[in-house]
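All figures in this text were calculated on a predicted structure; none of them were measured in a lab. Reminder, nothing fancy here: chain letters follow the sequence lines and each chain counts from 1.
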Protein chains: 2
Amino acid sequence: MTRQAGGENNAGSAVAAAAPDLGRTRSRAIPEATVGRLAVYLRVLTDPQAVRPALGDRGDGVRVVSSAELAAAAGVNPAGLRRDLSFLGSHGVRGVGYDVDTLIEQIQRVLGAHHHFRVALVGIGNLGQALAGYAGFGGRGFGIGALFDVDVEKIGRTVAGLRIRDLADAQEVCPAEGITIGVITTPEGAAQSAADALVTAGIFSILNFAPGKIVVPAGVEVRRVDLALELQMLAFHETSRVDGVVAR
Amino acid sequence: MTRQAGGENNAGSAVAAAAPDLGRTRSRAIPEATVGRLAVYLRVLTDPQAVRPALGDRGDGVRVVSSAELAAAAGVNPAGLRRDLSFLGSHGVRGVGYDVDTLIEQIQRVLGAHHHFRVALVGIGNLGQALAGYAGFGGRGFGIGALFDVDVEKIGRTVAGLRIRDLADAQEVCPAEGITIGVITTPEGAAQSAADALVTAGIFSILNFAPGKIVVPAGVEVRRVDLALELQMLAFHETSRVDGVVAR
DNA sequence: TCATGTGAACATGTTCACAGCT
DNA sequence: AGCTGTGAACATGTTCACATGA
């Protein structure tokens, strides 16, 4: 985990694949690890300056990429990449590779990346403000739909063009604004009540930056990003490295 | 599965380019997943208001905790917790549980949490500034030792009490300040050169917030936190949820 | 009695190697 | 010839169940 993934953080089971319309799609469940990598492939494929000679561009209009090329660009093993793509029902062409545009289309379909998702930020401190202004969010199909806090000092102020609203109003604001994803950037002690408010507002997908665990009903997906934990894993690496390299 | 109580992170999860573990510690090599959870246990054990009646506190001065209690507080499986602790060479007492203070001491030892680590931030934009002021960093044995950027507009300005310095000076600044961990919060395009500068400055542990992969020499550990990727995995969840529950 | 520590079953994820298709 | 798709081996991680020992 990434494992990122700490204390059971972001490890998980396969999830039912979106089962779209067109004839040939067998809806196997897509493993979580594969979903994460599909997002990476999509970024590489759609990045204009992805790889030196615009990825897989041949002279004619058709862009084709081999698993070896794309794997190198994404930093993964080619066989694993082919396995990942096989979950798309994708048809690469043997001896040739994958049609880039088709690939983009198919990955976008299963990831829901042709939708636009609106996100609510709860807890507008340092981190919340940074995320509100973070280009990486708006840039890839996600937009900030609302900012919430419980601090009366903050409510009403404007950050990144949005007025901070009372978390107590989430239940009205989120449905009205079409918000489906919540991001918690509160201090640790406020995270659970933030989650409760989001769940009450009909949110089923939460990204939690607060340390500690939050409890949510079944069916609500929580992904955790624990910055202190990432540092601690690096500290472990430093400790091992020094202990191992220097005298023992 | 509901992450968090159920976590890719980052790990899980994500596609971090890291050198294979050259198992280093005196006893057994500690699995990465276990390291992440040990950090979580440590947080729970040292949190003053961790669990209802201060964790495992009996009337006398000795605090004892069972795997079941601690596992519940940390949101993990008790058997897995016991296996994790077995890597410490820890000796719980059968029929009783674990001595809390001993446990804290042992986890701190393997994580290097009794050291203080100094961190350099590279790329002082929105996110970098937020992290510079983030309490969660200084709070757990990590301190910001330097801020770097390449933008002459930013160099010399002060953020969170530290003057932003030229990344070109990293090679002198990092050793002088005792910095051993680097955090990259640059835009995507600048991440590789940021990593190069850190490596040249003698840094072996890097936390990378920029999307895309960075290439580092063997022996340098890179952990990646990809915010857009986390959102995309939630978007996949939303897509599956909606497609699965609503009419098809 | 009761909770630890761990063998063994299970689940997930990664990589190899090659058959099979274009 | 060359690259995909996938069975099978391998690696890692999780959970069960119970023998063991305080």
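- Between the CD atom of Glu69(A) and the C1' atom of dT4(D) there is a distance of 14 Å, given to the nearest Å.
- Rounding to whole angstrom units, CG of residue Leu88(A) and P of dT6(D) are separated by 12 Å.
- Here the CG-OG1 distance, from Leu88(B) to Thr102(B), works out to 11.0 Å after rounding to the nearest 0.5 Å.
- The base of dT14(C) does not come close enough to the side chain of Arg83(A) for any donor and acceptor atom to sit less than 3.5 Å apart.
- When the nucleotides dT15(C), dG13(D), dC3(D) are ranked by their closest atom to the side chain of Ser66(A), dC3(D) comes out on top.
- Side-chain atoms of Ser205(B) do not come within 3.5 Å of backbone N or O of Ile181(B) as any donor-acceptor pair.
- Considering only side-chain N and O atoms, Arg37(A) lies under 4.0 angstrom from the phosphate OP1 or OP2 of dT14(C).
- Under 3.5 Å, the side chain of Arg82(A) and the base of dT4(D) form no donor-acceptor pair of N or O atoms.
- For Ala79(B), whose side chain is taken as the heavy atoms from C-beta onward, the closest listed nucleotide among dC16(D), dT22(C), dT14(C) is dC16(D).
- Using modelled atom types, no side-chain atom of Glu221(A) and backbone atom of Leu234(B) make a donor-acceptor pair closer than 3.5 Å.
- To the nearest angstrom, P of dT14(D) lies 12 Å from CG of Leu81(B).
- On a pure distance criterion of 3.5 Å, a polar donor-acceptor pair joins the side chain of Arg94(A) and the base of dT4(D).
- Each of Thr34(B) and Leu85(A) lies near DNA chain D, and the nucleotide nearest Leu85(A) is the one positioned closer to the 5' end.
- dT12(D) atom C1' lies 11 Å from atom CZ of Phe87(B), rounded to whole Å.
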### Query
Arg43(A) and Asp226(B): side-chain contact (heavy atoms from CB on, under 4.5 Å), yes or no, with the steps?
CA-CA 12 Å; Arg43(A) 176 157 55 217; Asp226(B) 188 331; 2.3 Å; yes

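- Between the CG atom of Leu103(B) and the P atom of dA3(C) there is a distance of 16 Å, given to the nearest Å.
- When distances run from any side-chain atom of Tyr98(B) to the nucleotides dT14(D), dA22(D), dG5(C), the shortest one goes to dG5(C).
- Among the heavy atoms of the strands lying under 4.0 Å from Gly80(A) is at least one base atom, whether or not backbone atoms are also near.
- Put simply, NE2 on His91(B) is 11 Å from C1' on dG5(C), counting in whole angstrom units.
- Pro31(B) comes within 4.0 angstrom of the backbone, heavy atoms only, and of no base.
- Straight-line distance from the CG atom of Asn77(B) to the C1' atom of dC10(C): 13 Å, rounded to whole Å.
- Glu32(B) and Arg223(B) are joined by a salt bridge, as a carboxylate oxygen and a charged side-chain nitrogen come within less than 4.0 angstrom of each other.
- OP1 or OP2 of dT4(D) sits under 4.0 Å from a side-chain N or O of Ser67(A).
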